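Reminder, nothing fancy here: chain letters follow the sequence lines and each chain counts from 1. These numbers were taken from a predicted model, which means no experiment stands behind them.
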Amino acid sequence: MIRTHTCNELSRKNIGEKVKLCGWVHSIRDHGNLKFIDLRDRYGITQIVCSPEEVSEQIWNKLKELKNEFVISVEGFVVGRPEETINKKIDTGEIEVKLIDFVVLNESKNLPFEIEEKEKINETLRLKYRYIDMRKSGLQKNLIKRSDFLFYVREFLKKENFVEIETPILTKSTPEGARDFIVPSRLNPGKFYALPQSPQLFKQILMIGGFDRYYQIAKCFRDEDLRADRQPEFTQIDIEMSFIEEEDIISMVENLLKYAIEKTFEIKVEIPFKKISYNNAIEKYGTDTPDMRLNIEFVDLTKVFEKSEIRIFTEIIEKKGVIKGFFIKDGEKISLKNIEEYNEFVKNSGGNGIGWIRFKGEEIQSPLKKFLLEDIVSEIKNLSPYKTSSEVLLFLGGEKKWVNETLKNLIDKIKEKLIEQKEQFSFVWIVDFPLFEYNLEEKRIQSVHHPFTSPKIDDIKILEIEPLKVKSRAYDIVLNGIEIGGGSIRINKREIQEKIFKIIGLEEKIYLERFGFLLEALEYGAPPHGGIAIGLDRLLMILLGEESIRETIAFPKTQKGVCLLTDAPGDVEYNLLKENKIRIDISEK
RNA sequence: GGGGCCGUAGUUCAGCGGUCAAGAAUGCCAGACUGUCGAUCUGGAGGUCGCGGGUUCAAAUCCCGUCGGCCCCGCCA
């Protein structure tokens with residue numbers, strides 16, 4: 001046995017015991033004839049102490065060769081520390097281990113960056129030397145939390161009778177959705193597998209196969225450009241259930257999240273979460289991923305300004321535009337200089353500028369002051385949800401969609417100032433999505449969610465007449481302004497599924513080729529079913545207070561999709577290409 | 001496909017046309033030290049200023065290109 005305890009385990013209770021510890025030399029404090037070594041493993045730090053009169057000359061000399069990050073195994077006696085030298089910063093601070101002997105298990109070169117660096121290290125270095133970055137507490141803590149979280153997810157789902165089933169990684173390319181990663185098939189030259197964007201079709205097939213409750217911690221792959229919260233491969237908590245309706249999934253997910261989050265983190269989760277319809281979200285927040293920590297809703301000033309004599313506004317209204325804005329409760333937080341900034345921002349977004357009114361008790365301050373009659377002012381003030389003695393109203397006018405989007409972008413700009421509690425976690429469900437949207441570039445109707453999403457039952461009758469008015473049985477879950485998951489009740493009738501394919505412009509030949517197996521399966525007793533997928537990396541990013549998804553993934557890729565540790569993607573040997581009947585053709589620019 | 005920011009000792013940064021044949025902190029190396037825990041003290045080493053080209057009497061500094069990283073738009077059913 002080369003260790004009897006971890007480096008965070010020993011306490012007063014162990015005093016007098018002979019122990020063996022293993023770990024990395026975290027630091028050496030050398031006082032000449034007294035040396036302290038902090039020995040570190042992932043559990044913690046234990047102080048080793050040694051002086052020449054207590055060990056042989058040979059051991060003492062060997063000790064002098066130790067450097068930081070050497071891996072060693074130490075044998076010694078646990079002793080209590082003198083009262084005045086107790087270190088309250090570490091769990092083992094009441095004891096130390098008096099060295100008897102030690103073995104260097106491996107040496108280490110000087111590290112490219114320090115383990116105990118307080119400042120942020122360049123991410124390129126961190127990714128290249130990921131194994132060193134992992135020795136630091138930050139990434140280590142995140143990966144352990146990730147593991148804990150998944151354990152509680154599995155525990156919850158197991159208790160709820162879910163079956164964890166793996167689905168293939170080598171699968172078939174699907175025409176809708178993101179770009180696929182492809183894998184050549186040597187046994188079928190010229191043909192390719194695709195890596196799954198999600199296990200969508202397999203989980204539906206599992207429902208038809210009678211597994212009424214399925215889940216998987218599923219790797220998904222999408223060959224799209226990366227962002228702070230997007231990696232080409234990521235993990236979803238993928239769930240599907242039979243014999244259920246929207247509300248069953250929603251409440252199951254609420255309970256799951258509450259359980260796993262509260263078990264893993266010091267976070268209280270209040271359920272049920274709020275629900276907002278898609279249309280309402282757009283009207284009130286200008287987005288289908290509103291940040292509910294903000295407590296800011298748009299107010300519609302169109303009717304108020306319609307009666308005013310202010311030309312710039314009445315003109316907008318005549319052109320069917322709208323005037324909308326939002327109140328900021330703590331008006332003092334917004335200076336004139338800030339407003340000037342926002343004005344520039346609105347102009348850069350293609351508008352005329354921003355309108356604003358500052359309410360100070362009975363007084364108002366505004367560039368429009370001389371045009372604002374008293375009754376208009378009081379009507380506007382009445383729209384405030386806060387009615388404090390010091391608030392600011394920011395507003396703009398124009399085409400409705402532009403106004404909603406610009407106000408939302410403006411809020412994003414001001415957000416940092418307005419969020420009172422950063423450590424707050426505010427979930428919201430977005431429901432009643434439209435089933436389809438019109439793609440202007442491709443001039444065709446496409447699915448908002450995915451083509452297997454069921455329309456609302458009442459809307460099936462207008463499916464082919466007014467498809468853009470059809471609502472879907474889809475739901476998204478949003479946390480602090482970021483989409484962390486989404487799902488729907490699926491179509492379980494071949495006839496409707498075929499209609500959907502046709503509406504989104506898939507020819508019969510194409511959809512039979514791609515999805516024929518699903519359509520056929522739907523004819524053999526497909527139960528009503530639905531599910532959800534939760535983006536694990538993203539959810540953890542938010543819960544851990546990280547700015548990037550990469551902080552929750554052991555081996556993430558850079559923005560160009562490169563793994564700096566392994567240098568993937570790389571060249572492959574010519575023979576491998578030949579066996580796969582692949583010829584490289586990189587045309588010059 | 002496009003926009004923005006960044007690249008200087010091992011690390012984090014400063015320097016942004018001229019006493020810079022580049023500097024701080026930390027780390028590293030050597031020596032001293034028996035109660036430290038961000039040890040302390042003394043001394044020392046350490047740089048293709050990402051790479052290539054240009055402008056200039058003079059470039060880490062300005063310009064162009066290129067490579068790499070980050071953030072964003074497009075894209076991500």
Side-chain angles (χ1 to χ4, degrees), chain A residues 26-40 45-54 64 67-69 79 81-90 92-93 96 98 109-129 132 174-180 197-198 200-201 220-232 234 348-349 405 409 412 433 435-437 439 441-442 444-453 472 474 476 483 486-488 500-501 504 506 533 535 538 547-548 550 556-562 564 567 589:
Chain A
H26 187 66
S27 76
I28 304 169
R29 290 176 298 281
D30 185 351
H31 293 234
N33 281 326
L34 182 68
K35 283 184 208 293
F36 298 100
I37 296 162
D38 282 349
L39 192 66
R40 185 198 72 237
I45 283 176
T46 301
Q47 175 167 285
I48 312 296
V49 64
C50 188
S51 61
E53 54 263 34
E54 283 154 351
K64 286 181 186 164
K67 298 269 164 61
N68 281 351
E69 297 307 309
V79 295
R81 292 200 198 186
E83 188 65 36
E84 65 280 6
T85 66
I86 285 173
N87 184 357
K88 286 181 180 141
K89 288 183 204 159
I90 55 174
T92 60
E96 58 195 355
K98 191 163 276 193
K109 297 204 285 184
N110 286 330
L111 260 35
F113 51 88
E114 291 166 57
I115 299 287
E116 219 174 353
E117 185 62 63
K118 308 276 183 296
E119 286 151 302
K120 277 190 182 169
I121 305 294
N122 182 317
E123 202 166 353
T124 314
L125 265 183
R126 291 182 53 207
L127 292 172
K128 182 172 176 193
Y129 297 101
I132 291 168
T174 52
E176 289 281 301
R179 192 177 295 113
D180 286 314
Q197 295 177 28
S198 84
Q200 182 60 36
L201 294 175
C220 303
F221 306 85
R222 293 177 192 177
D223 187 9
E224 296 294 345
D225 286 2
L226 283 71
R227 287 284 189 283
D229 62 355
R230 264 160 45 187
Q231 282 275 306
F234 59 100
N348 288 335
S349 307
E405 270 171 24
N409 292 338
D412 280 343
F433 280 86
L435 187 63
F436 302 113
E437 63 195 348
N439 184 324
E441 277 157 40
E442 295 175 27
R444 66 182 188 94
I445 288 175
Q446 62 186 34
S447 295
V448 169
H449 198 67
H450 59 51
F452 316 106
T453 299
S472 78
D476 273 1
E483 184 195 326
S488 63
I500 301 286
F501 286 150
I504 61 172
L506 289 181
R538 256 191 211 180
E547 299 288 327
S548 162
R550 295 185 296 277
K557 295 184 173 56
T558 69
Q559 201 158 47
K560 285 187 84 181
V562 171
L564 293 177
D567 261 336
K589 269 185 195 171

Whole-Å P distance, G74(B) and C20(B): 49 Å
Classify Arg81(A) by what it touches in the nucleic acid, base, sugar-phosphate, or nothing, heavy-atom distance under 4.0 Å. base
Between G3(B) and U66(B), how far apart are the P atoms? Round to whole Å, please. 12 Å
Need to verify one output field. Residue with the more 5' nearest nucleotide on RNA chain B, Ala228(A) or Arg222(A)? Ala228(A)
Can you tell me the Watson-Crick or wobble partner of G7(B), both distances under 3.5 angstrom? C67(B)
By the 4.0 Å heavy-atom rule, please label Ile45(A) as base, sugar-phosphate, or nothing. nothing
If you measure from the ring centre of Phe113(A) to the centre of the six-membered ring in the base of U11(B), is it under 5.5 Å, with the planes under 30° apart? no
Base, sugar-phosphate, or nothing for Lys35(A), non-hydrogen atoms under 4.0 angstrom? nothing
Strand partner of U36(B), provided both Watson-Crick or wobble distances fall under 3.5 Å: none
Side-chain heavy atoms of Lys557(A) within contact of Arg550(A), under 4.5 Å: no
Measure CG/Leu34(A) against C1'/U34(B) and give the value in whole Å, please. 5 Å
Just verifying a value: how many Å separate Asn439(A) CG and Arg444(A) CZ, rounded to the nearest 0.5 Å? 6.0 Å
Report the distance from atom CD1 of Ile37(A) to atom CG of Leu39(A), rounding to the nearest 0.5 Å. 8.0 Å
Nearest-0.5 Å distance, CD1 of residue Ile90(A) to OG1 of residue Thr46(A): 7.0 Å
Nucleotide C6(B), atom C1' - distance to CD1 of Ile121(A) in whole Å: 16 Å
How is Thr453(A) classified with respect to the nucleic acid when contacts are heavy atoms under 4.0 Å: base, sugar-phosphate, or nothing? nothing
With P as the reference atom in both, quote the distance from G43(B) to U55(B) in angstrom, rounded to an integer. 47 Å
In Watson-Crick or G-U wobble terms, with both distances under 3.5 Å, the base opposite A24(B) is U12(B)
Side chain of Arg550(A): nearest nucleotide among C76(B), U34(B), C71(B)? C71(B)
Looking at Lys560(A), does any N or O in its side chain come under 4.0 Å of the phosphate oxygens OP1/OP2 on G68(B)? yes
Give one of base, sugar-phosphate or nothing for Glu123(A), where a contact means two heavy atoms less than 4.0 Å apart. sugar-phosphate
How many Å lie between CD on Glu114(A) and P on G27(B), as a whole number? 6 Å
Identify whether any heavy atom of Arg126(A) sits under 4.0 Å from a base atom; if not, whether one sits that close to sugar-phosphate; answer base, sugar-phosphate or nothing. nothing
Could you tell me whether Lys67(A) contacts a base, only the sugar-phosphate backbone, or nothing, with contacts defined as non-hydrogen atoms closer than 4.0 Å? sugar-phosphate
Just call it for Asn122(A): base, sugar-phosphate, or nothing, with non-hydrogen atoms closer than 4.0 Å on any strand. sugar-phosphate
Suppose you measure atom P in C49(B) against the same atom in C33(B); what distance do you get, rounded to whole Å? 41 Å
Considering every strand and a 4.0 Å limit on heavy-atom distances, what is the contact class for Asn110(A): base, sugar-phosphate, or nothing? sugar-phosphate
Filtered N/O pairs between nucleotides 23-25 of chain B and protein, under 3.5 Å:
none

Ring-base stacking, His31(A) with G35(B) (5.5 Å, 30° cut-offs): no
Atom-to-atom span, CD of Glu547(A) to P of C5(B) - whole angstrom: 20 Å
Kindly give the atom pairs (protein nitrogen or oxygen, nucleotide nitrogen or oxygen) under 3.5 Å for nucleotides 1-4 of chain B.
| from | atom 1 | to | atom 2 | distance (Å) |
| --- | --- | --- | --- | --- |
| G1(B) | O6 | Asp225(A) | OD2 | 3.4 |

The answer to which of Leu127(A) and Ile86(A) contacts RNA chain B further toward the 5' end, by nearest nucleotide, is Ile86(A)
Using atom P of each nucleotide, how far apart are A58(B) and G15(B) to the nearest Å? 25 Å
Write down the partner of C29(B) under the Watson-Crick or G-U wobble criteria, each distance required to be under 3.5 Å. G43(B)
Mate of C57(B) across any strand shown (Watson-Crick or G-U wobble, both atom pairs under 3.5 Å) is G18(B)
Checking base pairs now: Watson-Crick or wobble, both atom distances under 3.5 Å. What partners C75(B)? none
With P as the reference atom in both, quote the distance from A32(B) to G69(B) in angstrom, rounded to an integer. 47 Å
What distance, rounded to whole Å, do you find between the two C1' atoms, one in G27(B) and one in C67(B)? 28 Å
Gln197(A) vs C76(B): side-chain N/O to OP1/OP2 distance below 4.0 Å: no
Report the nucleotide, chosen from U11(B), C37(B), G69(B), that has the shortest atom-to-atom distance to any side-chain atom of Leu564(A). G69(B)
Would you mind classifying the nucleic acid contact of Glu96(A) as base, sugar-phosphate or nothing, using non-hydrogen atoms under 4.0 angstrom? base
Using a 4.0 Å heavy-atom cut-off, does Thr85(A) contact any base of the nucleic acid, only the sugar-phosphate backbone, or nothing at all? base
If you count every heavy atom of other residues, nucleotides or ligands that lies below 6.0 Å from Glu83(A) atom CD, does the total exceed 12? no
Only one of Arg222(A), Arg179(A), His450(A) forms a side chain to side chain contact (heavy atoms under 4.5 Å, CB included) with Gln197(A), so which one is it? Arg222(A)
